[in-house]
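Read the structure below first, then the notes.
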Number of protein chains: 4
Amino acid sequence: MLNQQGSGRRAELLGMAAKLFAERGYVSTTVRDIADAAGILSGSLYHHFDSKESMADEILSGFLDRLFGTYAEIVAAGLGPRKTLEAIVIASFEAIESHPSEVAIYQNETKQLLRLPRFAYLEQRNTEFRTLWTDLLAEGVREGVFRADLDVELVYRFVRDTVWMAVHWYNPKGSLSAEEVARQYLSIVLDGIATGRRPVKRRTGA
Amino acid sequence: MLNQQGSGRRAELLGMAAKLFAERGYVSTTVRDIADAAGILSGSLYHHFDSKESMADEILSGFLDRLFGTYAEIVAAGLGPRKTLEAIVIASFEAIESHPSEVAIYQNETKQLLRLPRFAYLEQRNTEFRTLWTDLLAEGVREGVFRADLDVELVYRFVRDTVWMAVHWYNPKGSLSAEEVARQYLSIVLDGIATGRRPVKRRTGA
Amino acid sequence: MLNQQGSGRRAELLGMAAKLFAERGYVSTTVRDIADAAGILSGSLYHHFDSKESMADEILSGFLDRLFGTYAEIVAAGLGPRKTLEAIVIASFEAIESHPSEVAIYQNETKQLLRLPRFAYLEQRNTEFRTLWTDLLAEGVREGVFRADLDVELVYRFVRDTVWMAVHWYNPKGSLSAEEVARQYLSIVLDGIATGRRPVKRRTGA
Amino acid sequence: MLNQQGSGRRAELLGMAAKLFAERGYVSTTVRDIADAAGILSGSLYHHFDSKESMADEILSGFLDRLFGTYAEIVAAGLGPRKTLEAIVIASFEAIESHPSEVAIYQNETKQLLRLPRFAYLEQRNTEFRTLWTDLLAEGVREGVFRADLDVELVYRFVRDTVWMAVHWYNPKGSLSAEEVARQYLSIVLDGIATGRRPVKRRTGA
DNA sequence: GATGAATGAGTTTTCATTCAT
DNA sequence: TATGAATGAAAACTCATTCAT
């Protein structure tokens with residue numbers, strides 16, 4: 001359902017490319033690496049794709065369209081800030097589970113790819129994601145379900161980074177399902193790792 | 001004090017290389033880029049360094065020696081798990097503040113560099129860091145200052161990733177000092193972003 | 001009458017190839033360009049032709065057979081040097097009008113194609129053309145209708161080049177018909193662009 | 001004096017490239033061909049030049065700057081249409097003599113190169129040349145030194161093409177000097193190849 | 001006749017590195 | 001210390017051609 005990126009051979013090749021881009025990084029993955037993985041000659045890849053760039057483009061844009069579609073549906077459901085946050089985190093972990101390569105590429109290569117004009121949409125996605133989170137957090141603070149003493153921007157960055165970083169260690173074949181990991185993760189983010197009541201906070205900078 | 005990586009010109013060149021490695025990534029930074037930044041020809045760099053690899057090596061090993069020295073001092077101080085955790089986080093944020101390039105390289109390039117034999121020590125540092133944290137967390141759980149219902153391994157990864165990710169957005173010239181950011185960060189990690197008592201946790205999967 | 005280069009689809013494809021060869025040059029025109037123009041895949045062209053080379057061959061040899069047939073008829077008519085020259089020039093301009101692509105290919109690609117053995121006949125055509133003209137000019141000089149003070153070889157080259165160059169600018173849809181252009185062209189070549197009697201020529205270098 | 005295109009090795013390499021571009025055509029000349037001619041490896045050329053394109057660019061722009069500088073001087077001298085025309089033709093033949101490769105590239109490759117944005121200046125040079133000639137011819141017609149019954153545009157094309165075509169056959173080592181060839185050429189263009197008075201012209205199309 | 005997938009040889013270009021001066 | 005010229009290996013990409021379906 002979060003899938004479907006083309007027909008037959010093309011999709012197969014994109015899958016291999018994605019895996020390699022995720023493992024070795026975009027720059028360090030040669031077109032020959034991809035061709036080798038596919039059992040063809042490097043030149044033959046150009047029968048299917050314009051360039052290495054366009055492979056990365058197709059992988060990322062397709063994936064992000066689907067992911068942000070899912071986010072939009074969650075937000076549209078109007079579950080309230082806390083439940084929405086949970087749903088978004090869970091959806092993100094599910095993306096990590098079902099499309100680890102794509103997430104890894106998104107995580108690791110965005111900065112590099114942004115220099116190329118054709119990847120400008122990555123910037124837009126970043127902005128979209130930021131708005132999504134800061135709106136959500138601000139609403140939660142207004143409704144009293146999120147702490148008011150934290151910098152919303154900082155919390156956003158914190159959450160953004162931590163969610164995606166999981167792609168670096170989450171093992172879909174391990175004992176924990178994506179949802180279980182997400183629940184633990186949410187538990188940390190929402191309630192912290194310390195026990196008991198939180199001590200009286202000295203407001204930073206005060 | 002966390003500084004001093006050679007004398008004069010050599011250090012200057014390493015600084016420029018570090019900045020470029022951090023900005024563009026190790027593979028994407030060419031020797032010519034570094035030479036250009038230094039206002040010399042690329043061949044001339046080889047009067048100072050054996051290779052591009054040895055530049056990265058020198059940058060990273062020097063930095064990590066100093067950073068892990070600091071960690072060791074903190075642990076040796078025997079402050080108890082909570083204070084130790086706080087001190088380590090603060091030291092890490094200070095490293096981000098004082099050596100952003102080095103941290104960024106450590107963050108972004110370790111995976112790539114580990115393929116080269118000479119960077120095997122990075123693996124050792126990772127193990128060292130992991131032991132440091134899991135010991136610390138386990139001790140905290142034993143002493144009742146950290147929650148017992150969380151997977152220690154997962155918490156470790158969580159903390160590890162989130163601390164270093166800050167290098168991607170922390171701006172030393174911004175309004176928040178490294179320590180202030182560290183405090184907020186600690187506040188999130190320790191107490192969570194939700195208000196009030198945490199609800200009775202349904203153990204995931206149960 | 002100067003037409004007929006195969007049947008149906010084959011001729012159609014050759015026409016497209018000729019147009020592209022003329023526009024972009026033989027080397028710069030890819031087999032895919034031709035296939036694209038025909039709305040088929042590049043591999044499919046090989047059901048019709050052995051190779052790109054054989055397409056160019058077929059285009060040129062057919063065209064030149066017809067053109068030189070026309071020249072032979074004119075010469076055989078025995079009209080005398082002046083009328084023969086006029087008829088040849090007119091026939092050439094008509095070839096430009098009716099087969100601009102073929103003339104352009106002949107003009108622009110002969111030098112390149114001559115390196116390939118199968119195009120050796122182009123050299124023969126050149127020789128044939130040269131003989132035709134130098135004979136004609138020499139005869140004209142003997143009969144007193146062409147100036148005797150000009151180097152026949154130089155005049156030949158002059159005429160040869162200028163006639164064919166017209167393919168680069170002659171526009172069949174423009175206001176001047178091929179014959180009209182030929183007439184003006186002949187007027188220049190025969191009588192020059194200066195007004196009045198020619199001044200006493202200082203023989204160059206004498 | 002019409003020379004001087006850089007320092008030392010660079011100029012040497014450009015000269016070799018120019019020769020090959022002229023002989024085999026720009027597209028058909030590989031970077032390896034040039035490197036082979038220079039006795040170095042193809043990659044080494046990139047120590048001196050950005051790209052094959054930039055070699056052609058440097059060759060052409062430098063040459064055209066000098067050539068059009070010469071034209072401008074001639075025009076500025078205000079010799080009257082006939083003498084100006086003669087001087088321009090002679091200067092052109094001298095360019096063919098001293099810079100045959102550059103002229104050949106200009107002649108043969110302009111059409112191809114114009115597709116690349118960086119060669120837009122070739123279009124401007126063409127326009128400049130056209131204006132130069134049509135102005136000159138029109139002035140000559142007004143002053144009664146050139147025939148009024150000829151289409152100025154057509155005469156311009158005629159002259160333009162024929163002058164440059166000489167590069168294809170003019171042999172600097174042959175018996176005729178550039179100026180001698182230019183004189184004969186001028187003699188043809190000005191007075192035609194026919195003997196005696198020109199017959200009463202039937203205006204074409206009438 | 002045409003497709004879709006591939007080959008294989010070659011192209012331009014990149015880049016870490018070397019070395020005589 | 002630095003330059004200027006080069007190497008050599010590999011990169012991305014091109015393209016005429018083949019061939020099973």
Side-chain angles (χ1 to χ4, degrees), chain A residues 7-10 12-13 26-35 38-56, chain B residues 8-10 12-13 26-36 38-56, chain C residues 8-10 12-13 26-36 38-56, chain D residues 7-10 12-13 26-35 38-56:
Chain A
S7 69
R9 190 68 172 135
R10 192 182 177 77
E12 220 177 334
L13 295 169
Y26 174 73
V27 251
S28 297
T29 301
T30 70
V31 171
R32 249 197 92 178
D33 288 338
I34 303 171
I40 58 178
L41 290 177
S42 69
S44 304
L45 270 180
Y46 290 82
H47 180 66
H48 302 276
F49 306 99
D50 281 359
S51 63
K52 183 179 158 181
E53 233 177 274
S54 76
M55 285 188 241
Chain B
R9 190 74 170 130
R10 190 182 179 76
E12 218 179 338
L13 294 170
Y26 174 73
V27 254
S28 297
T29 301
T30 71
V31 171
R32 246 199 96 180
D33 288 338
I34 302 171
D36 283 355
I40 59 178
L41 290 179
S42 65
S44 306
L45 268 182
Y46 289 80
H47 284 287
H48 302 275
F49 306 99
D50 285 357
S51 64
K52 183 179 162 183
E53 235 176 274
S54 76
M55 284 188 243
Chain C
R9 189 73 171 136
R10 189 182 180 77
E12 219 178 335
L13 294 170
Y26 174 72
V27 254
S28 297
T29 302
T30 70
V31 172
R32 245 198 97 180
D33 288 338
I34 303 170
D36 282 355
I40 58 178
L41 290 179
S42 65
S44 306
L45 269 180
Y46 289 80
H47 285 286
H48 302 274
F49 306 99
D50 284 359
S51 64
K52 183 178 161 184
E53 235 178 273
S54 76
M55 284 188 243
Chain D
S7 69
R9 191 67 171 136
R10 191 183 178 75
E12 218 178 335
L13 294 170
Y26 174 73
V27 251
S28 298
T29 301
T30 70
V31 171
R32 252 198 91 178
D33 288 339
I34 302 170
I40 59 177
L41 291 177
S42 67
S44 304
L45 272 179
Y46 289 81
H47 181 65
H48 303 275
F49 306 99
D50 281 359
S51 63
K52 184 179 160 183
E53 232 177 276
S54 77
M55 286 188 238

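Just so we're on the same page: letters track the sequence lines, and every chain starts at 1. Hydrogens, waters and symmetry mates are skipped; everything else that's a heavy atom, side chains included, is used. This one's a predicted model, so the numbers in the text were calculated from it and none came from an experiment.
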- Separation of E:dT17 atom C1' from B:Leu41 atom CG, nearest Å, is 14 Å
- Task: Compare every heavy atom of C:Ser51 with every heavy atom of C:Ser54, then report the nearest pair and how far apart it is.
- Result: OG-O, 2.9 Å
- Message: Which is more 5' along DNA chain E, the nucleotide nearest D:Gly43 or the one nearest A:Gly43? Just name the residue.
- Response: A:Gly43
- Task: Starting from C1' on F:dC13, measure out to CE on A:Met55 and report it in whole angstrom.
- Result: 10 Å
- Message: Using the rule given for side chain to side chain contact (heavy atoms under 4.5 Å, CB included), can you reason through D:Ile34 versus D:Thr29, listing the C-alpha separation, both sets of side-chain angles and the distance that settles it, and then say yes or no?
- Response: CA-CA 8 Å; D:Ile34 302 170; D:Thr29 301; 3.9 Å; yes
- Message: Measuring to OP1 and OP2 of F:dA5, would you say a side-chain N or O of D:Ser44 lies under 4.0 angstrom away?
- Response: no
- Note on the structure: To the nearest angstrom, the OH-C1' distance between D:Tyr26 and E:dT11 comes to 12 Å
- Query: Taking a pair as Watson-Crick (N1 to N3 plus N6-O4 or O6-N4) or G-U wobble (N1-O2 and O6-N3), both under 3.5 Å, which stems of 3 or more consecutive pairs involve DNA chain F?
  - Reply: E:2-21 with F:2-21
- Message: What's C:Ile40 touching, base or sugar-phosphate or nothing? Going by heavy atoms closer than 4.0 Å.
- Response: sugar-phosphate
- Item | Rounded distance in Å - NE2 (D:His48) to C1' (F:dT3) | 13 Å
- Message: Go nucleotide by nucleotide along DNA chain E from the 5' end; which of A:Ala38 and B:Asp50 gets its closest nucleotide reached first?
- Response: A:Ala38
- Is D:Thr29 touching bases, backbone alone, or none of the nucleic acid, heavy atoms closer than 4.0 Å? sugar-phosphate
- Message: Test side chain to side chain contact (heavy atoms under 4.5 Å, CB included) on A:Met55 and A:Tyr26; report intermediate values, then the result.
- Response: CA-CA 10 Å; A:Met55 285 188 241; A:Tyr26 174 73; over 6 Å; no
- Query: Can you check whether A:Tyr46 has a side-chain N or O nearer than 4.0 Å to OP1 or OP2 of F:dC13?
  - Reply: yes
- Item | Under-4.0 Å side-chain N/O to phosphate OP1/OP2 contact, C:His47 with F:dC19 | no
- Do B:Asp33 side-chain atoms and B:Thr30 backbone N/O form a donor-acceptor pair below 3.5 Å? yes
- In terms of heavy-atom contacts, C:Arg9 and C:Ala38 come closest through NH2-O, 3.5 Å
- Item | Rounded distance in Å - CZ (A:Phe49) to P (F:dA12) | 15 Å
- Nearest heavy-atom neighbours spanning B:Val27 and B:Lys52: O-NZ, 3.6 Å
- Side-chain N,O (B:Thr30) to OP1/OP2 (E:dC15) below 4.0 Å: no
- Calculate the interatomic distance between D:Leu45 atom CG and F:dA6 atom P; express it in whole Å. 9 Å
- Item | Nearest-0.5 Å distance, NE2 of residue A:His47 to CG of residue A:Leu13 | 10.0 Å
- Task: Indicate whether OP1 or OP2 belonging to E:dA6 is found under 4.0 Å from a side-chain N or O atom of A:Arg9.
- Result: yes
- Message: What is the distance, to the nearest angstrom, from the CD atom on C:Glu53 to the P atom on F:dA16?
- Response: 12 Å
- Nearest-angstrom distance from the residue atom CZ of A:Arg32 to P of E:dG8: 13 Å
